[in-house]
S.K.: 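Can you read through this structure? Questions will come right after.
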There are 2 protein chains.
Amino acid sequence: MRPTVHDIAAEAGVSLATVDRVLNNRPGVRAVTRGKVEQAIATLGYVRDVAAANLAKGRGYSLNFILPAGENSFMRGLEAEVRAAKAHLASERTEITIRCVPAFDASALADALAEARRQRPAGVAVVAVDAPEVVRAVEELRQEGIAVVTLVSDLPGSTRDHFAGVDNIAAGRTAGNLMGRFLGDRAGPVAVVAGSMLVRDHRERLEGFQAVMHECFETRLLLPVVEGQDDAALVEKLVGGLIERHPDLAGIYSLGAGNRGLVAALEKAGKAEAVCAIAHELTPHSRAALLSGTIDVLLNQDAGHEIRSAIRVLKAKADGLPVIEAQERIRIDIFLKDNLPNGQA
Amino acid sequence: MRPTVHDIAAEAGVSLATVDRVLNNRPGVRAVTRGKVEQAIATLGYVRDVAAANLAKGRGYSLNFILPAGENSFMRGLEAEVRAAKAHLASERTEITIRCVPAFDASALADALAEARRQRPAGVAVVAVDAPEVVRAVEELRQEGIAVVTLVSDLPGSTRDHFAGVDNIAAGRTAGNLMGRFLGDRAGPVAVVAGSMLVRDHRERLEGFQAVMHECFETRLLLPVVEGQDDAALVEKLVGGLIERHPDLAGIYSLGAGNRGLVAALEKAGKAEAVCAIAHELTPHSRAALLSGTIDVLLNQDAGHEIRSAIRVLKAKADGLPVIEAQERIRIDIFLKDNLPNGQA
DNA sequence: GATATTTTGATTTACGTACATCAAAACTTC
DNA sequence: GAAGTTTTGATGTACGTAAATCAAAATATC
């Protein structure tokens with residue numbers, strides 16, 4: 001049987017009340033007595049039963065998730081994962097609230113954060129927009145002792161407790177490495193389609209991609225970046241133009257959303273096979289394109305992992321517990337058609 | 001506030017005892033009354049507080065892990081992850097016991113399973129050896145209501161509750177796809193080094209690799225498989241021989257262990273750059289070789305994820321709860337030097 | 001050595017659920 | 001409608017910890 005507080009009291013030769021004072025570091029215990037209790041804890045190997053403790057404290061965790069609204073299928077997938085976690089955690093004294101705000105709108109996000117603060121949750125997870133007013137709103141949350149985790153897109157310059165997302169520079173480098181190797185000696189330039197250079201993760205992916213191309217495949221011509229605003233129709237038009245202007249186009253790296261447009265343009269031009277296409281995020285559409293061969297590689301961040309990691313971290317921070325960084329690292333999934341998971345998404 | 005059993009009783013206009021009878025489906029409740037209670041549960045949105053319930057039940061989970069002994073660094077990594085989980089779960093009424101048995105020894109494994117049965121744990125996780133006596137031992141555990149999860153290597157033909165490991169056919173296919181694409185038009189044959197064809201996961205990786213090479217890169221010559229017994233010295237000798245006999249060797253797929261030998265042979269022959277090497281499992285050595293460029297791709301299964309998944313599943317099964325298969329799928333990590341995690345391992 | 005102060009003990013209640021007991025009420029059945 | 005059976009209520013204890021109260025003991029202060 002695991003030792004309880006009673007066992008500690010007996011072992012240390014003190015009362016239950018004193019053990020409680022030591023365990024919850026309340027005042028009124030002499031150093032000698034505290035030592036005896038700590039000794040007993042050590043020899044018996046006592047560990048506090050967190051479930052019982054939370055029950056006694058009447059503690060619950062209330063968490064707020066703030067996500068961008070809109071059609072972005074990755075974000076909608078994220079939201080679905082939050083809802084799934086919410087259902088699952090209902091039995092574990094954890095209550096989750098979801099709030100959607102217009103995408104890329106810093107002031108709307110700052111307002112949402114201010115409102116979250118009024119609800120005094122234990123923690124807030126937010127897909128950050130990189131702007132000063134957002135940083136300020138986060139700081140105010142932190143000052144009230146509310147834990148903050150940034151999700152997918154980080155907020156440097158703030159004191160957020162943690163970032164639950166992938167290393168986008170590494171993602172871009174990975175795309176560059178694969179592009180360079182897949183093309184081998186084949187001639188022709190490589191194009192890059194971004195969503196918007198205003199978004200931090202896109203900037204970082206581009207940075208990584210260009211770095212590797214310059215370091216390792218310096219003879220390959222990189223065309224100037226075009227911005228598709230994560231909009232399928234615009235992406236299709238832009239990629240169509242690229243193919244027309246560069247009939248020998250060898251590869252395309254699409255580091256934002258709007259993959260439907262990318263796929264449509266490649267297939268209409270009959271370039272599905274000839275052009276090596278690397279894109280981001282596994283969705284039903286991108287999955288189909290990977291299987292058909294139009295897309296050659298998909299880089300992905302697992303939304304479910306990000307959400308569950310964010311929740312674990314928020315709870316730990318709310319309890320003042322340490323976080324195991326290695327366990328919370330979100331990996332970059334590389335999907336070829338041969339290692340696609342069978343399930344949904 | 002979340003509703004409690006008391007709220008249900010009040011809402012349904014029955015006593016606490018009746019609510020309890022319904023919740024834990026004990027006998028002695030008329031259908032009408034049961035209906036009233038269920039209605040109240042639905043309207044109030046009651047969810048049982050599992051922490052409080054476990055506390056009341058005095059329930060704890062005792063889990064047994066049975067792993068292969070020996071020098072295999074992947075297995076030692078697994079064991080380290082089990083120990084880490086054990087420490088972490090001490091505060092959550094979960095007790096983990098680890099037992100190591102000689103590798104590839106079916107009867108020793110069957111004995112260990114029989115002994116585990118005597119301890120009557122809630123669940124057992126085991127790295128299976130694919131043999132009839134092991135299947136029998138697993139069946140006996142299952143008949144006593146003990147949950148069983150196979151780890152890393154599955155046990156088809158048994159009624160184990162779950163397999164926590166990667167799809168090794170997909171892993172082999174992935175290796176084949178990458179090998180074919182990385183080589184492109186470069187001439188030369190490809191060699192495969194396995195550990196032993198007696199081991200199921202090695203057989204499956206080989207099967208996947210060969211399938212893709214034949215389907216998609218049919219002009220590429222595949223040399224006959226050599227078996228290195230997961231032994232670094234033997235692997236080094238075998239690979240050295242391959243390089244001598246085939247000066248134009250283009251690629252090597254090492255689907256087992258003994259990567260140290262692979263790396264040594266390639267580097268001694270001055271073929272570190274020329275030969276495309278794909279191997280399995282991220283260890284300090286393979287990591288270094290990936291960074292230096294001797295190994296081009298590492299496929300990996302995350303030991304920590306496998307262990308934590310096994311624990312979640314065992315607990316769920318012990319409670320008779322459903323498992324979210326999508327959440328428990330163990331992915332195949334593909335590591336290039338650009339997306340290596342920073343941490344340990 | 002009397003008084004003030006700090007430290008400790010003993011005891012109680014609470015958290016939300018499980019489980020047991022015994023009595024009371026509601027039904028069957030003939 | 002009496003006897004038997006099933007259903008329901010009322011109540012208490014337990015799980016391991018938190019938190020509070022008040023009294024008792026130990027120590028410090030002058």
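Below, read A as the first sequence line, B as the second, and so on, with proteins coming before strands; counting in each chain starts at 1.
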S.K.: Can you name the side chain to side chain contact (heavy atoms under 4.5 Å, CB included) partners of K86(B), sequence neighbours left out?
M.R.: I96(B)
S.K.: Write down the distance between CG (N24(A)) and P (dG16(D)), rounded to a whole number of angstrom.
M.R.: 17 Å
S.K.: Set out, line by line, the N/O atom pairs under 3.5 Å between protein and nucleotides 20-27 of chain C.
M.R.:
none

S.K.: Are D167(B) and R329(B) close enough for a salt bridge, meaning some N to O gap below 4.0 Å?
M.R.: no
S.K.: If you pin V32(A) and L16(A) to their nearest nucleotides in DNA chain C, which one's is more 5'?
M.R.: V32(A)
S.K.: Check side chain to side chain donor-acceptor pair (under 3.5 Å) between Q327(B) and all other residues, then give those that pass, not counting sequence neighbours.
M.R.: none
S.K.: Keeping to residues at least two apart or across chains, list the salt bridge (charged side-chain N to carboxylate O under 4.0 Å, His left out) pairs with something in residues 34-55 of chain B.
M.R.: R93(A)-D49(B)
S.K.: I want to check one thing: is the phosphate of dT7(D), taken as OP1 and OP2, less than 4.0 Å away from some side-chain N or O of R34(B)?
M.R.: no
S.K.: At a heavy-atom distance below 4.0 Å, what parts of residues 51-63 of chain A sit against DNA chain C?
M.R.: L55(A), A56(A)
S.K.: So what does R93(B) hit on the nucleic acid, given a heavy-atom distance under 4.0 Å: a base, only sugar-phosphate, or nothing?
M.R.: sugar-phosphate
S.K.: Side-chain N or O of T18(A) versus OP1/OP2 of dG9(C): is the shortest distance under 4.0 Å?
M.R.: yes
S.K.: How many whole angstroms separate atom CD1 of I8(A) from atom P of dT17(D)?
M.R.: 8 Å
S.K.: Can you measure H6(B) atom NE2 to dG16(C) atom P for me and round it to whole angstrom units?
M.R.: 9 Å
S.K.: Assign V50(B) to base, sugar-phosphate, or nothing according to its heavy-atom contacts below 4.0 angstrom with the strands shown.
M.R.: nothing
S.K.: Test of understanding: with side chain to side chain donor-acceptor pair (under 3.5 Å), list the residues that count as partners of E95(A), not counting sequence neighbours.
M.R.: none
S.K.: Going by side chain to side chain donor-acceptor pair (under 3.5 Å), name the residues that satisfy it together with D20(B), two or more places apart in sequence or in a different chain.
M.R.: N24(B), R26(B)
S.K.: Just jot down the side chain to side chain contact (heavy atoms under 4.5 Å, CB included) partners of S91(B), sequence neighbours excluded, or say none.
M.R.: V50(A)
S.K.: Counting only pairs under 3.5 Å, give me each side-chain donor-acceptor contact of residues 304-313 of chain A, with atom names and distances, residues two or more places apart or in other chains.
M.R.:
from	atom 1	to	atom 2	distance (Å)
H305(A)	ND1	R331(B)	NH2	3.3
S309(A)	OG	E328(A)	OE1	2.7
R312(A)	NE	E328(A)	OE1	3.4
R312(A)	NE	E328(A)	OE2	3.0
R312(A)	NH2	E328(A)	OE1	3.0

